[in-house]
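Labels below follow one simple rule: chain letters A, B, ... track the order of the sequence lines, proteins then strands, and each chain is numbered from 1. Predicted, not measured: the structure shown is a model, and the values here were computed from it.
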There are 2 protein chains.
Amino acid sequence: MASIKDVASEAGLSVATVSRVLNDHPSVSEDARGRVLAAVQTLGYRPNAVARSLRTDQTRTLGLVISDVMNPYFTELARSVEEEARALGYSVIIGNADERPELQDHHVTTLLDRRIDGLLVSPTDGGSPRMLDAARAGTPMVFVDRWIPGVDVPVVRSDGQTAVRDLVAHLHRLGHRRLAIIAGPAATTTGRERVDAFRAALREHGLELPAAYIGQGDFQADSGRRVTEGFLDLAEPPEVVFAADNLMALGALDAVRARGLRVPDDIALAAFDDIPWFVHTDPPVTAIAQPTGALGRAAVRALVDRIEGRPGESVTLPARLVVRRSCGEPVPPQSPSPVRRSTP
Amino acid sequence: MASIKDVASEAGLSVATVSRVLNDHPSVSEDARGRVLAAVQTLGYRPNAVARSLRTDQTRTLGLVISDVMNPYFTELARSVEEEARALGYSVIIGNADERPELQDHHVTTLLDRRIDGLLVSPTDGGSPRMLDAARAGTPMVFVDRWIPGVDVPVVRSDGQTAVRDLVAHLHRLGHRRLAIIAGPAATTTGRERVDAFRAALREHGLELPAAYIGQGDFQADSGRRVTEGFLDLAEPPEVVFAADNLMALGALDAVRARGLRVPDDIALAAFDDIPWFVHTDPPVTAIAQPTGALGRAAVRALVDRIEGRPGESVTLPARLVVRRSCGEPVPPQSPSPVRRSTP
DNA sequence: CTGAAAGCGCTTACAG
DNA sequence: CTGAAAGCGCTTACAG
């Protein structure tokens, strides 16, 4: 592969001059520029980004350590992150933690070894030492979706409190009184917050959230299945199951179906995170939609701000309730909500 | 950030010796090893992968240029690729082409500039010049899922011919005679092959595939919606719509639903690519399942073989029909197929 | 077993 | 405007 030296000799100039035209440095003669460009053309030369990074100490690359790429919510988040990063001239390397702390650690380490310019992370747990060290050492970093309290890093997330309240009000109005939740891991903020919001909302209606109605999941489908089976085995099963993410809702649907029961007749279901398929499931699933694309874009902007020496602030965007039919409600009066890739 | 020099002076040794213990070179004294390791420990030193790559001319990184990450099939493919790569000691950088040739080109260029050791691609079109040049120049490369004829690169893919034949036989048995297809882009192999397989299978039953029953899609949901609307507007609409991927099937469901029609009563639906949600859609969707995880793993193995100087062969794995209820069939006698992340 | 030195492909003060 | 040279952080023949 041709190097800058080859271009220099082809153009009859020094590598310094070649480098200058490649980097749009102002002081280059038109003649030199022309000869360099021609040489680049004939040799099919492309600068070696590795060498450039070593020299300039910047890779123009962002690392994104995400909890689980197979989760449609995170897939969309990753996509919007990459789009915004590209628009700002950065590439992104995704590390899929698969909800496993040791995998998350592996990716953080690998990314740091590669000297990425900044790190976007949605922590799977309370924060690995490696990650906390990096934050303390001043690596530009921002948390997306999930965050770690006590760490001085901006966080870009969605606030589901109002939407959860709307959901509970909706359920209450439909006559449901025994409400259960499939929670995410207590080590994650979203795992805790959604339960807290749910409990607080129930309290507003004078309702309790008994321990038996809090199932411990891990944001993956299998756990939704397992927890739902447990609920159905209860002497007094809940009337509604609220899954704290879309994959656990999938698992819940599997479990209900495996028993030959029906949603919402035998048990109602709602989910945190909306996905296009929820429009077509049997029945369509009532869900809380996050402004996923906007979150990803805001996170990148905050991170790039940090990288380039600007403040880089935390952002909280509201989520909203999308009522469909999985809780037993009649079809809403307005026309069916259209499917779209991202929530506005 | 500490460099190898810092470690050397901390340990009272040369950088050469430090490098040797870091790379497990045999000729290092136990004493030296101990001192280096201690220095590494106290400084929290991590080797700079950028510098190492420049020197060794290998990045231990694979590039994966994928047609569309938001498509669950490709998400799963990407996931299995990353897993297998990690097991073999490689990282992977994903470039999402979003079915747009110019974006594909952008990623191929970026990846090549970063000097990835090998490229895995699922081409969006007939092949960009940059990609063909790279292949010709000897960049280790393998095609996954889609490929470009005439280019000397191994291809790892799934053969859906038999499954499509099974599907058509199944449809014919159910009495359907007017079968339509929502095709993928003609520039892609999967876009063409699936139509060809469908047409060939129809012929075996003495059926035609009229031009009006071939809708041109682009593997994205919107196109499935648009094409389906066209089918429904026909004087003699088809009895079955076969979507060449799962996103176009989603679009087709949207279109049917928007008209107030029902699947399969008013029109039957089948899809290429199976996803967990198809079990829970209304009705459950009959689909052709690819061995996605196995494809991803085989592709990585073939690529790493090439990188490390071994042959690296093409692999073709069979897809299989999964009958559910979207074509009007009665519930199959066996128990409902369980949901799983990957098809065996 | 260990170290001095060259070199990977760039960029960028420093002179001229 | 242009070039010679230093240096980014490593690895690896080459001596000893």
Side-chain angles (χ1 to χ4, degrees), chain A residues 1-40 43-61 89 109-117 137, chain B residues 1-40 43-61 89 109-117 137:
Chain A
M1 198 160 263
S3 83
I4 196 172
K5 270 190 210 163
D6 301 316
V7 177
S9 63
E10 171 80 19
L13 290 163
S14 73
V15 296
T17 302
V18 174
S19 176
R20 288 200 191 89
V21 350
L22 260 22
N23 292 288
D24 283 317
H25 187 99
S27 48
V28 195
S29 68
E30 265 318 300
D31 171 62
R33 173 177 309 279
R35 278 153 65 196
V36 168
L37 263 20
V40 164
L43 295 177
Y45 170 75
R46 292 251 83 213
N48 182 328
V50 175
R52 178 178 286 178
S53 292
L54 179 60
R55 183 53 230 245
T56 61
D57 200 33
Q58 55 171 1
T59 51
R60 302 228 43 122
T61 301
T109 304
T110 304
L111 257 11
L112 256 20
D113 285 356
R114 282 161 185 280
R115 302 300 191 261
I116 42 113
D117 293 340
Chain B
M1 198 161 264
S3 82
I4 195 170
K5 271 190 207 163
D6 302 316
V7 177
S9 64
E10 170 81 19
L13 290 164
S14 72
V15 297
T17 302
V18 174
S19 176
R20 286 199 191 90
V21 348
L22 259 23
N23 292 288
D24 282 319
H25 188 99
S27 48
V28 195
S29 68
E30 265 319 301
D31 172 62
R33 171 177 310 279
R35 278 154 65 197
V36 168
L37 262 20
V40 164
L43 296 175
Y45 170 75
R46 291 251 83 212
N48 182 328
V50 175
R52 179 178 284 177
S53 291
L54 179 60
R55 182 53 230 242
T56 60
D57 200 34
Q58 54 172 3
T59 51
R60 301 227 47 121
T61 301
T109 303
T110 303
L111 259 9
L112 257 20
D113 285 355
R114 282 161 184 278
R115 303 300 191 263
I116 43 112
D117 293 340

### Message
With a 4.0 Å limit, can you tell me whether A:Asn48 has a side-chain N or O closer than that to the phosphate oxygens OP1/OP2 of C:dC8?
### Response
no
### Query
Taking only N and O in the side chain of B:Ser29, is any of them less than 4.0 Å away from OP1 or OP2 of C:dT2?
yes
### Query
Which range-with-range stems can be found for DNA chain D when each stem has 3 or more Watson-Crick or G-U pairs in a row and both distances sit under 3.5 Å?
C:1-3 with D:14-16, C:5-12 with D:5-12, C:14-16 with D:1-3
### Message
Let's see if you can work this out: which of D:dT11, C:dC8, C:dT11 has an atom nearest to the side-chain heavy atoms of A:Arg55?
### Response
C:dT11
### Query
Choosing from C:dC10, D:dC10, C:dT12, which nucleotide comes nearest the side chain of B:Ala51?
D:dC10
### Message
Can you give me the closest heavy-atom contact between B:Thr109 and A:Arg46, atom names plus distance?
### Response
CG2-NH1, 2.9 Å
### Query
Side-chain contact, heavy-atom cut-off 4.5 Å: B:Leu43 with B:Met1?
no
### Query
For DNA chain C, what residues of residues 6-21 of chain A have any heavy atom nearer than 4.0 Å?
A:Ala16, A:Ser19, A:Arg20
### Task
Return the 5'-most residue of the pair B:Arg33, A:Met1 with respect to DNA chain C, ranking by each residue's nearest nucleotide.
B:Arg33
### Task
Ignoring the backbone of B:Ala32, work out which of D:dT2, C:dC8, C:dT2 is nearest its side chain.
C:dT2
### Task
Hey, could you give me the CG/CG distance between B:Leu37 and B:Leu22, rounded to the nearest 0.5 Å?
8.0 Å
### Summary
In this structure, OG1 of A:Thr61 is separated from CD1 of A:Ile116 (nearest 0.5 Å) by 8.5 Å
#### Entry: Rounded distance (nearest 0.5 Å) linking atom CZ of A:Arg35 with atom CG of A:Leu13
4.5 Å
### Query
Which nucleotide in the list D:dC1, D:dC10, C:dT11 gets nearest to the side chain of A:Thr56?
C:dT11
### Query
Got a second to check how far B:Leu54's CG is from B:Asn48's CG, nearest 0.5 Å?
10.0 Å
### Query
To the nearest 0.5 Å, what is the distance between CZ (B:Arg55) and CG (B:Asp57)?
10.0 Å
### Query
Should A:Val36 and A:Val28 count as side-chain neighbours, where that means a heavy-atom distance under 4.5 Å?
no
### Query
Base, sugar-phosphate, or nothing for B:Asp57, non-hydrogen atoms under 4.0 angstrom?
nothing
### Summary
Output for pair (A:Arg20 CZ, A:Arg33 CZ), nearest 0.5 Å, gives 12.0 Å
